[in-house]
Amino acid sequence: MITSQLAAVQNSIPENVTLVAVSKTKPIAMLQEAYDLGQRVFGENKVQELVEKQEVLPKDIKWHFIGHLQSNKVKYIAPFVTLIHAVDSLKLLKEINKQALKNNRTINCLLQFHIAEEDSKFGLTLESAKELLETEAFSEMRNVSIVGLMGMASFTKDEEQVREEFRTLENYFHVIQSHFFKFNPSFEHLSIGMSNDYKIAIEEGSTMVRVGSSIFGSR
Ligand SMILES: *Cc1c(COP(=O)(O)O)cnc(C)c1O
């Protein structure tokens with residue numbers, strides 16, 4: 001039973017912050033249980049697993065793809081995905097636009113930034129994000145909508161460091177917003193915060209927290 005964990009997380013999140021229940025690796029029955037308790041937004045990080053779950057679970061679930069997405073797999077989730085959290089290249093964005101067009105829809109995306117001190121292949125810098133947004137290719141895309149930024153803080157117990165990293169991303173949010181999305185109210189999301197740090201993230205301006213183990217148990 002996840003009733004009390006889910007309720008505890010839901011109750012600790014303000015109304016204006018979206019809770020993405022990160023259900024990766026967890027069985028269908030557990031997602032159904034969360035659904036029955038009112039949860040409608042779920043996050044997955046593997047394409048095949050997401051597709052399998054989407055096929056059998058209720059159709060009003062909003063599925064967020066939160067992991068690294070390979071361009072050649074976009075087509076499998078393009079028909080239904082609500083939000084892609086981790087766009088970190090023009091190549092990927094082009095493919096999302098192409099597949100969204102094929103499905104006659106617009107797909108909402110977040111740009112993923114690298115804010116942690118750990119080395120990672122994934123995530124944009126402020127410079128590379130600006131470059132992407134300045135390309136002609138991006139300006140011609142009609143079937144993607146960039147609705148905000150996403151990032152992951154360092155895996156550390158040092159709360160001040162985590163807070164600083166979230167502040168950095170919040171600052172980037174305002175820079176990108178004023179340069180590229182000044183008149184676009186859809187650019188509004190800051191996806192920061194996981195089980196260990198979502199309370200700090202909310203204090204630092206998160207509009208969307210991605211919480212897995214605190215709801216469903218450890219993986
Ligand atoms: C797994 C995952 C989460 C959730 O992590 P928990 O620590 O279980 O809350 C959040 N965001 C991303 C990108 C993930 O891959």
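Counting starts at 1 for both ligands and their atoms, in listed order. What you see is a predicted model, and the numbers here were worked out from it, not measured in a lab.
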TODO: May I ask you to test the Phe113-Thr168 pair for a side-chain heavy-atom distance under 4.5 Å?
DONE: no
- [ ] Just jot down the side chain to side chain donor-acceptor pair (under 3.5 Å) partners of Lys94, sequence neighbours excluded, or say none.
- [x] none
Task: Contacts of Ala116 that satisfy side chain to side chain contact (heavy atoms under 4.5 Å, CB included) - sequence neighbours left out - done: Glu118, Ser154, Glu165
Could you check ligand 1 for N or O atoms lying under 3.5 Å from protein N or O atoms and list the pairs with distances?
| residue | atom | partner | partner atom | Å |
| --- | --- | --- | --- | --- |
| ligand 1 | 8 (O) | Ser213 | N | 2.8 |
| ligand 1 | 8 (O) | Ser213 | OG | 2.9 |
| ligand 1 | 8 (O) | Arg219 | NH1 | 2.8 |
| ligand 1 | 8 (O) | Arg219 | NH2 | 3.1 |
| ligand 1 | 9 (O) | Ser195 | N | 2.9 |
| ligand 1 | 9 (O) | Ser195 | OG | 2.5 |
| ligand 1 | 9 (O) | Gly212 | N | 2.8 |
| ligand 1 | 11 (N) | Arg210 | NE | 2.9 |
| ligand 1 | 15 (O) | Lys24 | NZ | 2.7 |

Task: Glu52: side chain to side chain donor-acceptor pair (under 3.5 Å) partners, not counting sequence neighbours - done: Gln48
Open item on the list: If we count only N and O atoms by modelled type, under 3.5 Å, do the side chains of Ser12 and Tyr198 hold a donor and an acceptor together?
Closed with: yes
TODO: Show your working on side-chain contact (heavy atoms from CB on, under 4.5 Å) between Phe65 and His85 and close with a plain yes or no.
DONE: CA-CA 6 Å; Phe65 193 82; His85 280 241; over 6 Å; no
